[in-house]
Amino acid sequence: MSRAAERLKLLIHHLDRPPAALSAAPTSGQTFTHSHSHQLRYTFDTGLLTPEQRLSYEENGFILIKNLVSENDIDKFRQEFERICRQEVKVPGLVVMRDVAISKSEFIPDQKAVSKIQDFQEDPELFQYCTLPQILKYVECFTGPNIMAMHTMLINKPPDAGKKTSRHPMHQDLHYFSFRPADRIVCAWTAMEKVSRQNGCLVVLPGTHTGTLQEHDYPEWEGGVNKMYHGVRGYNPQHPRVHLEMEKGDTVFFHPLLIHGSGMNQTQGFRKAISCHYASADCYYIDVKGTTQENIEKEVKEIANKKYAMGDQITLKDTWALRGRLVQGVRTSL
Ligand SMILES: CCCC(=O)SCCNC(=O)CCNC(=O)[C@H](O)C(C)(C)COP(=O)(O)OP(=O)(O)OC[C@H]1O[C@@H](n2cnc3c(N)ncnc32)[C@H](O)[C@@H]1OP(=O)(O)O
Ligand SMILES: Nc1ncnc2c1ncn2[C@@H]1O[C@H](COP(=O)(O)OP(=O)(O)OP(=O)(O)O)[C@@H](O)[C@H]1O
Ligand SMILES: O=C(O)CCC(=O)C(=O)O
Ligand SMILES: [Fe+2]
Ligand SMILES: [Mg+2]
């Protein structure tokens with residue numbers, strides 16, 4: 001038995017708490033029935049992850065898989081993104097973000113004006129990313145067999161305009177989500193080109209997924225900060241961090257409590273990545289009233305009210321249920 005396999009066995013035996021069982025969810029009647037499932041807290045044994053990989057995710061909260069998405073697919077996503085920027089295609093529900101450093105300047109129909117697009121679930125070309133079988137095979141290890149694509153983004157980190165606004169503050173994605181349990185949510189993030197410390201790769205704080213959801217707020221940055229880019233309050237820059245340098249097609253899967261961000265883009269290129277947050281369809285919605293998430297709910301509602309002109313009727317749950325798409329199995333709850 002390899003060392004990792006031995007440690008895995010030990011971990012299983014010493015686990016004093018059962019895996020986040022979805023049967024505990026109020027709206028779910030389903031439990032997972034994977035064969036020979038040594039259930040750790042964060043992963044399922046589907047036969048794909050090696051013991052080493054499972055242990056690594058349990059301990060670190062992320063796992064990097066090299067060369068998972070083909071050049072050909074990535075080139076198609078890039079071309080579609082460029083068509084969207086040139087306004088040659090119009091995608092219902094799409095959110096187009098500009099960097100705060102240029103948000104008040106004249107609009108140019110070019111990728112130079114777009115720092116991120118969100119909610120591309122109605123764009124068949126881009127949404128192919130969320131249904132790639134090689135990605136879903138990994139996702140299933142974290143979510144189980146019923147899988148919803150909940151949140152989609154293509155990030156086009158611009159060359160920094162000199163105010164460090166291209167940075168993404170350290171945060172936990174769960175801050176933005178009103179569904180649980182957290183352990184049945186995972187982000188897939190694929191580099192669309194080489195990403196390095198120079199052009200602002202992801203920066204993660206390994207192991208932080210074992211903590212709780214922290215308070216988030218706008219960081220006090222002199223040069224300004226992008227709309228809704230909240231960061232963990234009281235971020236400690238001394239915490240050991242890992243820069244995830246990746247090649248085109250490499251994909252990282254990470255837990256929604258993992259603290260992560262990205263540095264500034266010190267190159268002249270637009271650093272591109274595509275990502276999707278998946279959740280088990282057996283997850284359930286929560287009310288964030290009275291929690292640390294109230295501040296983000298308020299901002300989401302303000303934007304949704306402007307976008308859909310629905311007054312106060314729209315709930316956070318509605319905004320998720322409308323965007324979510326089933327990509328595998330049965331839409332049981334979300
Ligand atoms: C796991 C998830 C983690 C995350 O997703 S973190 C990031 C979350 N971000 C989001 O959800 C997207 C937030 N952004 C948006 O919804 C849109 O970009 C936003 C802010 C509504 C603007 O969109 P539009 O209304 O289409 O654009 P617009 O040009 O007409 O601008 C309207 C007002 O917003 C301002 N604005 C635009 N981009 C900004 C930015 N990056 N930072 C700060 N302010 C920004 C813009 O200046 C304008 O202001 P004003 O009304 O003229 O005073
Ligand atoms: N006060 C803060 N609150 C939240 N996040 C922060 C804060 N300061 C920096 N960060 C984040 O920390 C991460 C590291 O960025 P930083 O610019 O410090 O260095 P870097 O780009 O990783 O590396 P280099 O030292 O080579 O520039 C980024 O995600 C950045 O947005
Ligand atoms: O691609 C990046 O810079 C990270 C973006 C991110 O973490 C997010 O939008 O939640
Ligand atoms: Fe994030
Ligand atoms: Mg930096």
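One-based numbering, in listed order, for ligands and for the atoms of each.
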N/O of Val232 under 3.5 Å from N/O of ligand 2, yes or no?
no

Is the closest heavy atom of Trp189 to ligand 3 under 4.0 Å?
yes

For ligand 3, which part of [X] has a heavy atom less than 4.0 Å away: the side chain, the backbone, both, or neither?
X      : answer
Gln118 : neither
Tyr176 : neither
Ser262 : side chain

Tell me, with the steps shown, if Trp320 and Tyr285 meet ring-ring contact (aromatic ring centres under 6.0 Å, His included).
CA-CA 9 Å; Trp320 286 113; Tyr285 292 106; 8.2 Å; no

Hydrogens and angles aside, do [X] and [Y] bring a side-chain donor and acceptor to less than 3.5 Å of each other?
X      : Y      : value
Glu58  : Thr43  : yes
Thr251 : Thr190 : yes
Thr165 : Asp99  : yes
His168 : Asn226 : no

With a heavy-atom distance limit of 4.0 Å, tell me whether Arg241 approaches ligand 2 through its side chain, its backbone, both, or neither.
side chain

Ligand 2 versus Arg197, non-hydrogen atoms closer than 4.0 Å: side chain, backbone, both, neither?
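Side chain only; the backbone of Arg197 stays clear of ligand 2.
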
Salt-bridge present ([X], [Y]; N to O < 4.0 Å):
X      : Y      : answer
Glu80  : Lys76  : no
Glu294 : Lys298 : no
Lys194 : Glu247 : yes
Lys227 : Glu299 : yes
Arg78  : Glu71  : no

Under 4.0 angstrom from ligand 2, any heavy atom of Pro169?
yes

Atom indices of ligand 2, in the order listed, that fall short of 4.0 Å to a heavy atom of [X]:
X      : value
His243 : 20 (P), 22 (O), 23 (O)
Arg167 : 9 (C), 17 (O), 31 (O)
Ser262 : 28 (C), 29 (O), 30 (C), 31 (O)
His168 : 28 (C), 29 (O), 30 (C), 31 (O)
Val203 : 22 (O)
Gly261 : 29 (O)

Using 2.8 Å as the threshold, say whether any N, O or S atom from Cys187 sits that close to the Fe ion (ligand 4).
no

His260 N/O/S atom closer than 2.8 Å to the Fe ion (ligand 4)
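Yes - counting backbone and side chain alike, His260 has an N, O or S atom under 2.8 Å.
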
If you check every N/O/S atom of Asp173, which is the one nearest the Fe ion (ligand 4)?
OD1

Winner among Met170, Lys272, His171 once heavy atoms are compared against atom 10 (O) of ligand 3
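Closest candidate by heavy-atom distance is His171.
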
Selected option - heavy-atom contact closest to atom 1 (O) of ligand 3, from Lys157, Met228, Arg271
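Going through Lys157, Met228, Arg271 one by one, Arg271 has the nearest heavy atom to atom 1 (O) of ligand 3.
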
The test is side chain to side chain contact (heavy atoms under 4.5 Å, CB included); show your working for Ile296 and His216 and say whether it passes.
CA-CA 9 Å; Ile296 193 72; His216 286 64; over 6 Å; no

Short side-chain to backbone donor-acceptor contact, Asn265 and Gly200, under 3.5 Å
no

Give me the nearest non-hydrogen protein atom to [atom] as residue plus atom name, then the distance to 0.1 Å.
atom                   : result
atom 7 (O) of ligand 3 : His260 NE2, 3.0 Å
atom 4 (C) of ligand 3 : Leu202 CD2, 3.5 Å
atom 9 (O) of ligand 3 : Lys116 NZ, 2.9 Å

In this structure, are over 12 heavy atoms from other groups packed under 6.0 Å from Glu88 atom CD?
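Yes, CD of Glu88 has more than 12 neighbouring heavy atoms, counting only those of other groups under 6.0 Å.
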
